[in-house]
Colleague: 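Can you read through this structure? Questions will come right after.
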Amino acid sequence: QVQLVESGGGLVQPGGSLRLSCAASGFTFSTSPMSWYRQAPGKEREMVAGISNTAGRTTYTDSVKGRFTISRDNAKNTVYLQMNSLKPEDTAVYYCRRGGPPVYWGQGTQVTVST
């Protein structure tokens with residue numbers, strides 16, 4: 001059974017930090033490009049960051065550049081999203097995704113940025 005299990009979400013104040021983790025199993029993680037998406041209520045799901053299988057290439061949406069860092073540890077089958085200088089606009093459910101084919105999605109973890 002393929003699994004992508006996100007963790008690390010929670011409630012933080014503006015300017016705070018969180019590190020999200022996505023633990024993968026059931027497929028060959030080391031050859032799979034991975035990404036993080038987020039979806040806020042009433043909004044479309046959007047890609048936040050992506051990372052190649054070797055971690056040699058990363059991409060970010062403009063709104064998080066300089067604040068978020070995607071990384072991976074292939075020995076642990078885990079992809080991370082370090083989020084710094086968080087803003088209320090970052091509030092969303094965050095999902096990890098395996099680049100397909102086939103595409104796999106995690107269940108999501110809630111991030112809330114509020115005073």
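For the numbers below, each heavy atom of this structure counts, side chains included, while hydrogens, waters and symmetry mates do not. Quick caveat, the model's predicted, so the values are computed rather than measured.
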Colleague: Report the distance from atom CG of Asn84 to atom OG1 of Thr69, rounding to the nearest 0.5 Å.
Modeller: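 With rounding to 0.5 Å, CG (Asn84) is 6.5 Å from OG1 (Thr69).
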
Colleague: Examine distances only and state if a side-chain atom of Glu6 and a backbone atom of Gln107 form a donor-acceptor pair shorter than 3.5 Å.
Modeller: yes

Colleague: What are the two closest non-hydrogen atoms of Asn74 and Asn77, and how far apart are they?
Modeller: O-OD1, 3.1 Å

Colleague: Would you say the side-chain atoms of Arg57 pair up with the backbone N or O of Asn53, donor to acceptor, closer than 3.5 Å?
Modeller: no

Colleague: Using every non-hydrogen atom in the two residues, find where Cys96 and Leu4 come nearest and quote the distance to one decimal.
Modeller: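 Smallest interatomic distance, heavy atoms only, reads SG-CB, 3.6 Å.
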
Colleague: Is the shortest heavy-atom distance from the side chain of Leu11 to the side chain of Ser114 under 4.5 Å?
Modeller: yes

Colleague: For the CE atom of Met34 and the SG atom of Cys22, what is their distance to the nearest 0.5 Å?
Modeller: 5.0 Å

Colleague: Hey, any chance Tyr104 and Val48 share a hydrophobic cluster, counting ILVMFWY side chains that come within less than 4.5 Å of each other, even indirectly?
Modeller: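 Same hydrophobic cluster.
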
Colleague: Would you confirm whether Arg72, through its side chain, and Thr54, through its main-chain N or O, come within 3.5 Å as a donor-acceptor pair?
Modeller: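 No, Arg72 side chain to Thr54 backbone: no donor-acceptor pair under 3.5 Å.
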
Colleague: Tell me, do Leu18 and Val111 make a side-chain contact under 4.5 Å, heavy atoms counted?
Modeller: yes

Colleague: So does Ser30 get a backbone contact from the side chain of Thr28, meaning a donor-acceptor N/O pair under 3.5 Å?
Modeller: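 Checked: no pair found.
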
Colleague: With the threshold set at 4.0 Å, does a side-chain nitrogen-carboxylate oxygen contact exist between Asp90 and Lys87?
Modeller: no

Colleague: Quick one about Ser85 and Arg67 (side-chain donor to acceptor, distance below 3.5 Å, no hydrogens or angles considered), yes or no?
Modeller: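 Judged by distance alone, the side chains do not pair up.
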
Colleague: Without swapping roles, check the side chain of Thr91 against the backbone of Val113 for a donor-acceptor pair under 3.5 Å.
Modeller: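 Yes, Thr91 side chain to Val113 backbone: donor-acceptor pair under 3.5 Å.
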
Colleague: Distance check, rounded to the nearest 0.5 Å: Tyr94 atom OH versus Arg38 atom CZ?
Modeller: 4.0 Å

Colleague: Report yes or no: is the cationic atom of Arg45 (NZ for Lys, CZ for Arg) closer than 6.0 Å to the six-membered ring centre of Tyr95, at no more than 45° off its axis?
Modeller: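 Pair Arg45/Tyr95 counts as cation-pi.
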
Colleague: Just wondering, do Gln82 and Ser17 contact through their side chains at under 4.5 Å, heavy atoms?
Modeller: yes

Colleague: When you compare the side chain of Leu20 with that of Thr109, does any pair of heavy atoms fall below 4.5 Å?
Modeller: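 Thr109 vs Leu20: side chains touch.
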
Colleague: Which heavy atom of Leu81 sits nearest to which heavy atom of Trp36, and what is that distance?
Modeller: CB-NE1, 3.6 Å

Colleague: Determine the minimum heavy-atom distance between Ser21 and Thr78, stating which atoms define it.
Modeller: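 That closest heavy-atom pairing would be CB-CG2, 4.3 Å.
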
Colleague: Examine Trp105 and Met47 and state if one hydrophobic cluster contains both, with Ile, Leu, Val, Met, Phe, Trp and Tyr joined whenever side-chain heavy atoms are less than 4.5 Å apart.
Modeller: yes

Colleague: Can you name the nearest heavy-atom pair linking Ile70 to Ile51, along with the distance?
Modeller: CD1-CG2, 3.7 Å

Colleague: Determine whether the aromatic ring centres of residues Tyr60 and Phe68 are separated by less than 6.0 angstrom.
Modeller: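 No, the ring centres sit 6.0 Å or more apart.
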
Colleague: Could you tell me the separation between the CZ atom of Arg98 and the CZ atom of Phe27, rounded to the nearest 0.5 Å?
Modeller: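 The CZ atom of Arg98 sits 5.5 Å away from the CZ atom of Phe27.
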
Colleague: Are Val5 and Val2 co-members of a hydrophobic cluster defined by side-chain heavy atoms under 4.5 Å apart?
Modeller: no

